[in-house]
Amino acid sequence: MATTTLQNHIGGSLRNAHGTGTLDLIDPATEEVYGRIPLSDAHDLDAAYAAAVSAFPIWRERTPAERQLALFRIADAMASRAEEFADLESQDTGKPRATLVADEIEQSIDQLRFFAGAARSLEGRAAGEYAAGHTSYVRREPIGVIGQVTPWNYPLNMAVWKIAPALAAGNTVVLKPAESTPLSTLLLAEIVAEHTPAGTLNVVLGGRETGAALVAHPVPQMVAITGSVRAGMAVAASAASDLKRVHLELGGKAPAVVFDDASIQKAVDAIVTAAFFNAGQDCTAATRVIAHSSVHDEVVRALVARTKTHARTGAPHEDGVLFGPLSSAAQLAQVQGFIDRLPAHATIETGGRRQGEKGYFFEPTIISGMRQDDEAVQNEIFGPVLTVQSFDTDDEALTMANGVRYALAASIFTRDHTRAMRFTRDLDFGCVWVNTHIPFVSDMPHGGFKHSGYGKDLSQYGFDDYTRVKHVMTALD
Ligand code: NAD
């Protein structure tokens, strides 16, 4: 692998990229180069979009039952090649290999199966005579060709979140995976090509410039990205110039509010896993504990104790590891930068340093004494770093929780039902958990408000986002 440059998957087969530049793939656990991707250019995107345009009328004509069957077969193939997917994903990301199938591959399989079902349950108003002498009905149609861009934190999951609803609804796709994590998406493309018309899914490799060109291309009717706020804003601005539909999932800064009536141990157990899983490189990760002043010290002590016993980082093939290295040198530098710039009033309770000298490992880190306007409270660190703040009143807790530009996910820990109901209403986030943090299901929507973007992934809402609604009205005489 060390000397080969990966190929794009266009029109049902692998093709050398026309773009001549390349980018090394660097193993985040060892810092060794293990491959190269091409930096695809406008010719590559023209070819991929041409393939998607040719495939669209064929794929759209398939009945929902036929599309469902194709997605089931793709899910079955993923299940039978789960270990292979896990090997590729672990190579690209450094995730713990032993738990990868259960933690991530099985979710992708379930999501494919969910959207296979969604293909057969199109929603709309009943046909009827809404004006005298006229029958109206609604057609729910695919949008057309979709351009999609995925990130490096959950490469396969994010590809499936994007591809499955789009294909289920009858669209065709050109997708660019993140530059550092292409392998699982290429295997997915190979499998999809075995069960769909050539060109239904096309995968083009490259970096930000390729992504920007994919979005700016005149063919797609809609563009979808999961990534940074910066990238999302660039995509929305580009798409505005020719009014493409936009679907954005741009990260978060999830609060976990712990009230004095909560079961502190249960809250802490949930928060530690949710903070450090995937090295905190998760847009729904618990990042900000907001604890009632009467339990604050107990919460900090319990968080530190639980972190020391349950949040070990280590190499992909080590036993008993919760999370692997950060994804890249840039990500390590970003996390270290936040720690280096901590204000004097902050206390590092545990962690705070790179672990080892090779690989982008960072210790699980808990910082107390934080204030609302500290940058580590306001900005996405996207690393294994948890901050803790203290509050006295419910209103104060709400103001702190909502007081960031992100609005993807939040959690509260309380046994008081009325308080829980009030907070689920008043927390300004796309997902609110009560007495848990981070689980999600294929059947329920995932997506944020404010700078976390707009549009839903997963669920029937995610499916609907990849359809358009047409009203047909017929005079009866
Ligand atoms: P990024 O947003 O630059 O990369 C994500 C994907 O978008 C990649 O495939 C990239 O090539 C592509 N991309 C970047 N700019 C683009 C543009 N203008 N047009 C089209 N595609 C573009 O993310 P990053 O710089 O690698 O990471 C920086 C930060 O982004 C992270 O620290 C984290 O805060 C955030 N992030 C969030 C998520 C998430 O799940 N929401 C995922 C990855 C990164």
Side-chain angles (χ1 to χ4, degrees), residues 21 23 25-26 28 37-40 45 92-93 104 147-159 161-162 174-182 184-185 203-217 220 223-241 244 246-254 277-285 287 326-338 360 362 375-376 378-385 404-409 430-431 438 440 446-448 450-455 457-458:
L23 210 58
L25 290 170
I26 297 170
I37 64 154
L39 297 175
S40 301
L45 286 165
D92 273 350
T93 62
E104 298 188 30
Q148 300 179 323
V149 176
T150 50
W152 39 260
N153 52 344
Y154 296 102
L156 181 64
N157 277 166
M158 294 303 105
W161 286 25
K162 296 274 178 274
V174 175
L175 181 142
K176 189 197 83 66
E179 38 275 60
S180 55
T181 54
S184 58
T185 305
V203 172
V204 175
L205 305 178
R208 286 183 185 179
E209 276 184 32
T210 308
L214 178 149
V215 168
H217 200 279
V223 287
I225 180 170
T226 295
S228 60
V229 175
R230 176 200 52 73
M233 286 180 171
V235 166
S238 167
S241 67
K244 294 181 177 93
V246 180
H247 193 278
L248 303 171
E249 205 277 67
L250 307 179
K253 190 74 192 171
F277 184 76
N278 209 40
Q281 300 170 124
D282 185 312
C283 44
T284 58
T287 59
L326 291 160
S327 167
S328 62
Q331 208 56 31
L332 178 65
Q334 172 169 307
V335 174
Q336 188 64 59
F338 275 98
Y360 310 127
F362 203 86
E375 68 153 355
Q378 289 295 322
N379 296 332
E380 198 173 30
I381 301 173
F382 228 56
V385 180
V404 293
R405 65 185 175 140
Y406 295 98
L408 184 60
C431 169
I438 230 167
F440 62 90
H446 172 98
K450 293 161 58 180
H451 278 199
S452 292
Y454 42 81
D457 288 309
L458 303 178

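All ligand and atom numbering here is 1-based and tracks the order in the structure.
Close approach of ligand 1 to Pro151 (heavy-atom distance below 4.0 Å) involves ligand atoms 42 (C), 43 (C). If you number the atoms of ligand 1 from 1 as listed, the ones under 4.0 Å from a heavy atom of Glu380 come out as 33 (C), 34 (O), 35 (C). Heavy-atom proximity to Val235, at under 4.0 Å, picks out these atoms of ligand 1: 19 (N), 20 (C). Atoms of ligand 1 lying under 4.0 Å from at least one heavy atom of Gln331, given by number and element, are 31 (C), 32 (O).
Proximity annotation for atom 22 (C) of ligand 1: of Val335, Ile225, Asn153, Ile225 comes nearest, heavy atoms only. Here atom 27 (O) of ligand 1 lies nearest to Trp152 when heavy atoms of Trp152, Tyr154, Phe382 are compared. Of the options Gly251, Ala234, Gly227, the smallest heavy-atom separation from atom 5 (C) of ligand 1 is shown by Gly227. Looking at Glu249, Gln148, Glu179, Met158, it is Glu179 that brings a heavy atom closest to atom 10 (C) of ligand 1.
Of all protein heavy atoms, the one closest to atom 16 (C) of ligand 1 is Ala231 CB, 3.9 Å. Nearest non-hydrogen protein atom to atom 9 (O) of ligand 1 is Thr150 O, 2.9 Å. At the shortest separation from atom 28 (C) of ligand 1 among protein heavy atoms lies Ser228 CB, 4.1 Å.
At a heavy-atom cutoff of 4.0 Å, ligand 1 is contacted by the backbone of Leu250 but not by its side chain.
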Problem set entry | side chain to side chain contact (heavy atoms under 4.5 Å, CB included) between Ile381 and Thr287, worked out | CA-CA 9 Å; Ile381 301 173; Thr287 59; over 6 Å; no
Exercise. Which is it for Glu179 and Arg208 under the side chain to side chain contact (heavy atoms under 4.5 Å, CB included) test, yes or no, and what are the steps along the way?
Worked result: CA-CA 8 Å; Glu179 38 275 60; Arg208 286 183 185 179; 4.1 Å; yes
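No heavy atom of Gln281 sits closer than 4.0 Å to any atom of ligand 1.
Without hydrogens or angle criteria, Ser452 side chain to Gly251 main chain gives a donor-acceptor distance under 3.5 Å.
Taking the six-membered ring where the residue is Trp, Trp152 and Phe382 present perpendicular rings, their angle passing 60° and hence far from 30°.
From Glu380, atom CD reaches atom CG of Leu408 across 9.0 Å, with rounding to the nearest 0.5 Å.
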